[in-house]
Amino acid sequence: MTYYPSECNKAYPANATGPFPPECNSCVVEAYQQLVSITQQMEEAARQENWEATLALGQSYVHEVEVLRNKANFQPGNKAEKELCSHLLRQVLMHDAAVRDAISPQMKRLSQLLHMRNQQKKMVKAYTGIKLAG
């Protein structure tokens, strides 16, 4: 499902058909569904070690969270909608945790490489200093 911020000002009719219960009448559900979709794609990209796609999807995720945060009318309306949003948020968190798990070994490796590079720089600087002094 594609989410367009301009649609969030429209109310869905009570009998609207879609991926969420008809009693949900605001765009907040669609926004949360978009976040689930993005995090699910991020998880798949991270598992495939497609870091460029993971990063691009991460930027989309941040954008969608900001859209959701900046819309005052993005509040679940009734109990069913609140429960659905809670379920969707748990899915987002589950995918986020899986992305972090997939990225963690690569981040550790990158950290080690940067540490080794810094150590090499220090050694070259120290060696250069000794060479110039001698």
Side-chain angles (χ1 to χ4, degrees):
M1 169 174 275
T2 305
Y3 162 68
Y4 299 99
S6 62
E7 291 181 2
C8 293
N9 296 324
K10 300 177 185 176
Y12 289 94
N15 61 356
T17 58
F20 47 91
E23 60 271 14
C24 296
N25 62 4
S26 81
C27 177
V28 68
V29 173
E30 190 174 336
Y32 278 101
Q33 286 174 329
Q34 182 65 14
L35 290 173
V36 169
S37 176
I38 291 170
T39 55
Q40 189 173 28
Q41 292 172 52
M42 282 176 64
E43 179 182 351
E44 183 63 30
R47 288 191 190 282
Q48 294 175 0
E49 297 184 1
N50 184 345
W51 307 124
E52 289 179 20
T54 304
L55 181 60
L57 288 161
Q59 291 170 343
S60 296
Y61 173 81
V62 169
H63 171 75
E64 292 299 327
V65 167
E66 285 302 314
V67 168
L68 186 60
R69 184 178 293 147
N70 290 326
K71 293 291 184 179
N73 61 341
F74 268 19
Q75 299 295 321
N78 55 40
K79 184 177 179 180
E81 192 170 292
K82 288 177 186 177
E83 288 174 5
L84 181 56
C85 288
S86 177
H87 171 74
L88 292 170
L89 184 55
R90 283 191 300 274
Q91 287 183 343
V92 167
L93 294 173
M94 178 188 68
H95 292 302
D96 180 68
V99 169
R100 290 176 193 273
D101 287 346
I103 289 174
S104 184
Q106 294 301 319
M107 293 299 290
K108 183 176 181 180
R109 182 175 164 268
L110 181 59
S111 178
Q112 289 171 340
L113 289 172
L114 289 173
H115 177 73
M116 286 175 36
R117 181 175 177 254
N118 287 338
Q119 292 296 351
Q120 288 174 343
K121 279 183 165 181
K122 288 178 184 177
M123 288 174 53
V124 167
K125 186 176 179 182
Y127 178 74
T128 305
I130 292 170
K131 190 177 181 182
L132 292 175

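Computed from heavy atoms alone, side chains included, the values below leave out hydrogens, waters and symmetry copies. The shown structure was predicted, so the numbers you read here are calculated from the model rather than taken from an experiment.
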Just how far is it from atom CD of Gln120 to atom NE2 of His115, taken to the nearest 0.5 Å? 10.5 Å
Nearest heavy atoms of Ala102 and Pro105, plus distance in Å: O-CD, 3.5 Å
When rounded to the nearest 0.5 angstrom, what is the spacing between CG in Leu113 and CG in Asn118? 11.0 Å
d(Met116 CE, Met123 CE) to nearest 0.5 Å is 11.0 Å
For Ala56, the side chain to side chain contact (heavy atoms under 4.5 Å, CB included) test, sequence neighbours excluded, returns none
Under 3.5 Å, is there a donor-acceptor pair between the Ser37 and Gln41 side chains? yes
To the nearest 0.5 Å, tell me how far Leu110 CG sits from Arg117 CZ. 11.0 Å
Which value, rounded to the nearest 0.5 Å, describes the distance between Met107 atom CE and Arg100 atom CZ? 10.5 Å
Give the table of side-chain donor-acceptor pairs shorter than 3.5 Å for residues 45-55, with sequence neighbours excluded, one pair per line with atom names and distance.
from: Arg47; atom 1: NE; to: Glu43; atom 2: OE2; distance (Å): 3.1
from: Arg47; atom 1: NH2; to: Glu43; atom 2: OE2; distance (Å): 2.9
from: Gln48; atom 1: NE2; to: Glu44; atom 2: OE2; distance (Å): 2.7
from: Asn50; atom 1: OD1; to: Ala53; atom 2: N; distance (Å): 3.2
from: Thr54; atom 1: OG1; to: Ala46; atom 2: N; distance (Å): 3.3
from: Thr54; atom 1: OG1; to: Asn50; atom 2: O; distance (Å): 2.8

Can you tell me how far the CG atom of Leu88 sits from the CG atom of Leu84, to the nearest 0.5 Å? 4.5 Å
Under a single-linkage definition using a 4.5 Å side-chain heavy-atom cutoff for Ile, Leu, Val, Met, Phe, Trp and Tyr, are Leu89 and Val36 assigned to the same hydrophobic cluster? yes
Of the non-hydrogen atoms in Val99 and Met42, which two are nearest, and what is the gap between them? CG2-C, 3.6 Å
Tell me the closest heavy-atom pair linking Leu68 and Tyr32, and the distance in Å. CD2-CZ, 3.8 Å
Judged by atom type as modelled, is there a donor-acceptor pair below 3.5 Å linking the side chain of Ser86 to the main-chain atoms of Lys82? no
Going only through I, L, V, M, F, W and Y residues with side-chain contacts under 4.5 Å, is there a path from Val28 to Val65? yes
Are Leu114 and Ile103 linked, directly or through other ILVMFWY residues, by side chains that come within less than 4.5 angstrom of each other? no
With side-chain hydrogen bond (donor to acceptor under 3.5 Å, both in side chains) as the criterion, how do His95 and Gln91 come out once you've worked through the C-alpha distance, each side chain's angles and the decisive distance to 0.1 Å? CA-CA 6 Å; His95 292 302; Gln91 287 183 343; 5.5 Å; no
